[in-house]
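Heavy atoms only: backbone and side chains are in, while hydrogens, waters and symmetry mates are out.
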Amino acid sequence: MTDCFQNQKIGVLVKTTLVDYPGNMASALFLKGCNLRCPYCYNVELVASGTSSDGIPFLQDAVSFCDVIAHLKKRKNVLRGFVISGGEALLYPHLAELVKEARNLGYKIKIDTNGTLPEKLEEILLSPELCPDFVALDIKTRPSYYGSLSGKNTDTETAAKLEQNLLKSIRLVASLPPEKREFRTVLVPGLIDNGVVKEIAELLPADASWNFANFVNKSCLEPEFEKIQPFAPSQIEEILENAKKIIPGAVLR
């Protein structure tokens, strides 16, 4: 590793978390950079590619690769898991080095992904060195809507490719043992309703762990989404009940 690589600012580190890796006390690294522009996203700085050319501010309080490894070394007798999230984790060019370093320290590895990069996902799943111990796949809406999440002026071909990529990623994650995977969906009005939930549910394995989170209308990438009211508790209950008809493991977190 060169000094440049070691010291490059790559994301934000949550030093200790009890919620990001099921059943494990962990550290979670949220890498900067994402290939989607979900309008409700609240990790605005993480979406940036490292420049402010798209109007997104520079990432503040970022850590380097070296910072992350130093923390993992220091806490290896306390923590069990290491979560690599984003942004989009699979975009990070030194993901392999990061996984290997953490695994050599004895950490269990969890990777969060948005499902739009199935080739990269398949590559790490097939690698004995890189295959994570747990994968979380975000499913943001029905696959045919993903073109609307990739930014303005998305062409038909790109939208169709995103749809196919998501479907392939769902199949890849579904092929993992149940204890090594989960699916996640944020309940954003306009992107999620009972019909969308039913469509997504029919794509998942029956034994899926499917975790819902309610939408928070604060600090959104697209300010107009801050005007959208989250679902009421009764609406969430209805959505969850409908999801459970197909996926019994659906829960609200």
Side-chain angles (χ1 to χ4, degrees), residues 1 5-6 10-34 43 46 62-139 169-186 204-205 207-213 247 249-251 253:
M1 293 184 290
F5 168 56
Q6 288 179 325
I10 60 175
V12 173
L13 181 67
V14 176
K15 293 183 176 181
T16 303
T17 173
L18 298 174
V19 300
D20 291 291
Y21 195 145
N24 292 278
M25 183 182 292
S27 280
L29 174 63
F30 294 87
L31 291 160
K32 66 178 181 178
C34 190
N43 288 323
L46 289 175
V63 294
S64 69
F65 188 106
C66 276
D67 294 331
V68 174
I69 300 306
H71 173 70
L72 295 181
K73 287 179 179 178
K74 181 180 178 180
R75 300 286 287 171
K76 67 179 182 178
N77 294 324
V78 177
L79 303 175
R80 295 184 59 198
F82 178 46
V83 180
I84 307 173
S85 190
E88 172 48 46
L90 298 183
L91 288 174
Y92 182 50
H94 301 290
L95 180 64
E97 292 94 330
L98 188 61
V99 170
K100 290 175 184 178
E101 290 273 0
R103 181 158 280 154
N104 287 340
L105 291 169
Y107 283 87
K108 298 170 67 175
I109 307 297
K110 173 177 177 276
I111 290 180
D112 299 343
T113 180
N114 64 24
T116 61
L117 301 167
E119 290 81 10
K120 291 185 179 181
L121 178 59
E122 186 171 32
E123 181 180 345
I124 66 167
L125 291 179
L126 292 176
S127 169
E129 284 188 303
L130 302 179
C131 185
D133 302 283
F134 199 93
V135 177
L137 175 59
D138 290 328
I139 304 179
S169 291
I170 291 173
R171 291 193 293 270
L172 287 169
V173 176
S175 71
L176 298 173
E179 67 273 12
K180 293 187 175 186
R181 55 164 158 81
E182 71 177 14
F183 302 89
R184 308 186 304 196
T185 298
V186 178
L204 304 183
D207 60 0
S209 173
W210 191 10
N211 298 318
F212 290 98
I247 306 296
V251 297
R253 278 192 172 177

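Residues Phe82 and Val68 are in side-chain contact: their nearest non-hydrogen atoms beyond the backbone lie under 4.5 Å apart. Side-chain contact between Ile10 and Asp67 is absent, with no heavy-atom pair separated by less than 4.5 Å.
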> After noting the C-alpha distance and the side-chain angles of Phe65 and Gln6, does the key distance pass the side-chain contact (heavy atoms from CB on, under 4.5 Å) rule?
Replying inline: CA-CA 5 Å; Phe65 188 106; Gln6 288 179 325; 5.6 Å; no
> When you look at Leu172 and Leu137, which way does the side-chain contact (heavy atoms from CB on, under 4.5 Å) test go after all the steps?
Replying inline: CA-CA 10 Å; Leu172 287 169; Leu137 175 59; over 6 Å; no
>> One pair to check against side-chain hydrogen bond (donor to acceptor under 3.5 Å, both in side chains): Thr113 and Glu88. What are the steps and the verdict?
In response: CA-CA 6 Å; Thr113 180; Glu88 172 48 46; 2.9 Å; yes
> How far apart are the C-alpha atoms of Leu117 and Leu91, what are their side-chain angles, what is the distance that settles it, and do they pass the side-chain contact (heavy atoms from CB on, under 4.5 Å) test?
Replying inline: CA-CA 8 Å; Leu117 301 167; Leu91 288 174; 3.8 Å; yes
>> One pair to check against side-chain contact (heavy atoms from CB on, under 4.5 Å): Asp138 and Glu182. What are the steps and the verdict?
In response: CA-CA 9 Å; Asp138 290 328; Glu182 71 177 14; over 6 Å; no
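Looking only at distances, a side-chain donor or acceptor of Ser169 sits under 3.5 Å from a matching main-chain atom of Gly115. Without hydrogens or angle criteria, Ser85 side chain to Phe30 main chain gives no donor-acceptor distance under 3.5 Å. Between the side chain of Tyr107 and the main chain of Leu72, a donor-acceptor pair closer than 3.5 Å is present. Asn24 places a side-chain N or O within donor-acceptor distance of the main-chain N or O of Pro22, the cut-off being under 3.5 Å. Between the side chain of Asn114 and the backbone N or O of Thr116, at least one donor-acceptor pair lies under 3.5 Å.
For the atom pair CG (Asn211) and CZ (Phe183), the distance works out to 11.0 Å, reported to the nearest 0.5 Å. Thr16 OG1 to Asp20 CG: the interatomic distance, rounded to the nearest 0.5 Å, is 11.0 Å. Between the CD1 atom in Ile84 and the CG atom in Leu31 there is a gap of 7.0 Å [rounded to 0.5 Å]. Here the CG-OG distance, from Leu125 to Ser175, works out to 6.5 Å after rounding to the nearest 0.5 Å. Once rounded to the nearest 0.5 Å, the distance linking NZ of Lys76 with CG of Asn104 reads 10.5 Å. Note: Arg184 CZ to Asp112 CG = 4.0 Å, rounded to the nearest 0.5 Å.
Of all heavy-atom pairs between Val83 and Ala26, the closest is CG2-CB, 4.3 Å. Scanning all heavy atoms of the two residues, the minimum distance from Glu129 to Val99 falls at O-CG1, 4.1 Å. Closest heavy-atom contact between Ile124 and Pro132: CD1-CD, 4.1 Å. Between Ser27 and Leu79, the shortest heavy-atom distance links the atoms OG-CD1, 3.1 Å. Between Leu176 and Val135 the shortest heavy-atom distance is CD1-CG2, 3.9 Å.
Looking at Lys108, Arg103, Arg80 one by one, the single match for side chain to side chain donor-acceptor pair (under 3.5 Å) with Asp133 turns out to be Arg103.
A salt bridge links Asp207 with Arg181: the distance from a Lys NZ or Arg NE/NH1/NH2 to an Asp or Glu carboxylate oxygen falls below 4.0 Å. Using a 4.0 Å cut-off between charged nitrogen and carboxylate oxygen, Glu101 and Lys73 do not count as a salt-bridge pair.
Ring geometry for Trp210 versus Phe212: interplanar angle of 30 to 60°, hence tilted.
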